Amino acid sequence: MSISFYLAFKELWRNRGRFFLISLVIALISLLVLFNAALGEGLGTNNRQYIANLDAQLIVFLDKADYLISSSRLDQADLRAVRRIEGVADAGPISTSNTAILLNNDEVLKVSLLGVEAGRPGLPQVVEGFPLRTDQAKETVIDRNVALRSDIQVGDEITIRSTQGPEDEFYVLKVVGLTEGQAYFFQPTIFVTPSIWELVRPKSEVELNKTIPDINVIAVKLNDPTQTKAVGERLTTLVTNTRTADITTTINNIPGYTAQQGTIQTMGIFTLLIGILVIGGFFQIQVLQKVPQIGMLKAIGSSNEVVGGAAVIQIMIVTALGVAIGGIFTFILSLVFPPTVPLIFNGSASVLAILGLLVIGPMGGLVSVLYAVLIEPLKALRLSQ
Amino acid sequence: MRTIALEVKNIQKTFSVDGGKIDAVADVSFQVRAGEFVALVGPSGSGKTTLLSILAALLTASSGEVLVDGQDLARMKERQRVELRRKKIGFTFQTNNLIPYLTALENVEFMLRLNGLDGREGRKRSKDLLKRLGLGDRLNNLPGQMSGGQQQRVAIARALIHNPAVVLADEPTASLDTQHAFQVVEAFAKLVHEDGHAGVMVTHDLRMCRYVDRVLQMLDGKLVREYKNRKDIDRLAEKGV
């Protein structure tokens, strides 16, 4: 065992109550950072999940829609034209709206209502039951999050309520399949065919007699997924008034997505900075209290490496313990949160947050370690003139 | 004839203060042989502590030579001085002597750890030394659980355990009552004599001189008198504080 580790361990053990309290403070910071990271991951996922999981490489928008899905309006002719472009393996329409499912307890569950064609890009894989089959059948595939937030199962019938003109209309749909990871715009999703989507979606009075559904965007699957740029350029040349984007660009243009992620990241960075200050403050006070002792250690022949090493090891152990306790707290707390709270702990953001937390300890303690190394034994022991 | 463990030749230490210069130590020369215990006495500001700091390789002399076990401190780089302090010098201070989170035994063993001499044999030696100093029942006590006198004795054990050539003590009895002060210095002197270290003790308390072999008296940075004769030393010790 190195002398630094020996000193660090002995001091930690003999003053375990004090150091445990510091670890608890770090644990609380960890809790905050991890929840922040999980919330960011959860909100981001809820916003982008459906688009991110699409079995497509390109999204076709109306040219002047500025990559906003809700502003984009395409028609069946555009869809047919896209399917004829060289390099396009398949293309499926996506129509977006919202609706509310009536639940047994007189409450409603607000969901995203997506119109997609059976067997085309846009309709996700089902994990239970069947995919949508015929255009006219009043069937739906629901996201597992819908099932988690209600008692709805495959085979059940659900009633949705949509405001159409001045009236509230109610439609019964049969749940034929279950899919996973398809949240869109912060809401769990139900999928219907384009005809049913047009029938059941909320409409203004002037849209009441409309039967041909609008298409917001077209999901395009390519023969060669690496050719997004070439096919995209060909497509926008041949299909007028369109613009294409890859999946990443589409996600970054979801309203509020970039700003939201930026806000969450800023919060995370500030929390880490606060962590650095708190941990730095603790260890600085600790070193200030030990100035004569460090001076004595140096006077009897301890090198700067021994003194600095002991401080660094202490900081790392206390930080690691705090982060571990914080991680356990966070896990336990996450179990009691309802599925409506968008927390995702298995994301890369959580891993990054943990790494960040493990780094802030040594960073925060850097000043105190430097201070310890620079202590002059003569002054520390008050032997100087 | 015993070997010379500490040799000081024409040491000068000058500090710049308010644009002027003060000689804290001026042209001091003396030798201490192995197994000899020397007291450095004098009023406050006479340069005792500055001289002790130079002997401990904590402060560099402005001029002159200090040889510890034959090694010239002036020619050493900082890293070598740290190594010399660790291997060749034992040091006890007025206060803050011990590492508060190590037991008496661990504090003594720490010096062996620093020198890579720890292990079963080192532990046995540490225990034996503490027992010789009357601390056999305090081995596992933390400093906070011991009296000031006991702490000083642990510090003495730590200063001697690695068998240094030179042992330095800065006012080891400053914070002790009379009874404990005598016990500590007597124990210190006994170990210096028995184990053949060169001991130098700075003290204000002239009564402690009864245990030393020689007394060097300082005034205004200079060595003004040396007491070698036993009778003279005892007479000085009788004068008291």
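Proteins get letters first, then strands, A, B, ... in listed order; numbering begins at 1 in each. We use all heavy atoms of the structure for the numbers below, so side chains are in, but hydrogens, waters and symmetry mates are not. Remember, it's a predicted structure, so these values are computed and weren't measured experimentally.
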Between the side chains of A:Thr258 and A:Gln261, is a donor N or O closer than 3.5 angstrom to an acceptor N or O?
no
Ring centers of A:Phe35, A:Phe337 separated by less than 6.0 Å:
yes
Does B:Lys190 make a cation-pi contact with B:Phe188, if we ask for NZ or CZ under 6.0 Å from the ring centre and within 45° of the axis?
no
Counting heavy-atom pairs under 4.5 Å with chain B, the top scorer among A:Asn15, A:Asn304, A:Ile300 is A:Ile300
Give, as side chain, backbone, both or neither, the part of B:Arg79 having an atom under 4.5 angstrom from any heavy atom of chain A.
side chain
Max heavy-atom pairs within cutoff under 4.5 Å with chain B, candidates A:Lys290, A:Glu376, A:Lys298, A:Arg14, goes to A:Arg14
So which part of B:Thr92 gets closer than 4.5 Å to some heavy atom of chain A, the side chain, the backbone, both or neither?
neither
Engaged part of B:Ile89 at the chain A interface, taking heavy atoms whose separation is under 4.5 Å
neither
Contact origin within B:Glu106 toward chain A - heavy atom pairs under 4.5 Å
both
How long is the span from the CG atom in B:Leu130 to the CZ atom in B:Arg125, to the nearest 0.5 Å?
12.0 Å
If we count only N and O atoms by modelled type, under 3.5 Å, do the side chains of A:Arg18 and A:Gln286 hold a donor and an acceptor together?
yes
Relative to chain A, which segment of B:Leu142 carries a heavy atom at a distance below 4.5 Å: side chain, backbone, both, or neither?
side chain
Hey, are B:Asp205 and B:Thr173 close enough side-chain-wise for a donor-acceptor pair under 3.5 Å?
no
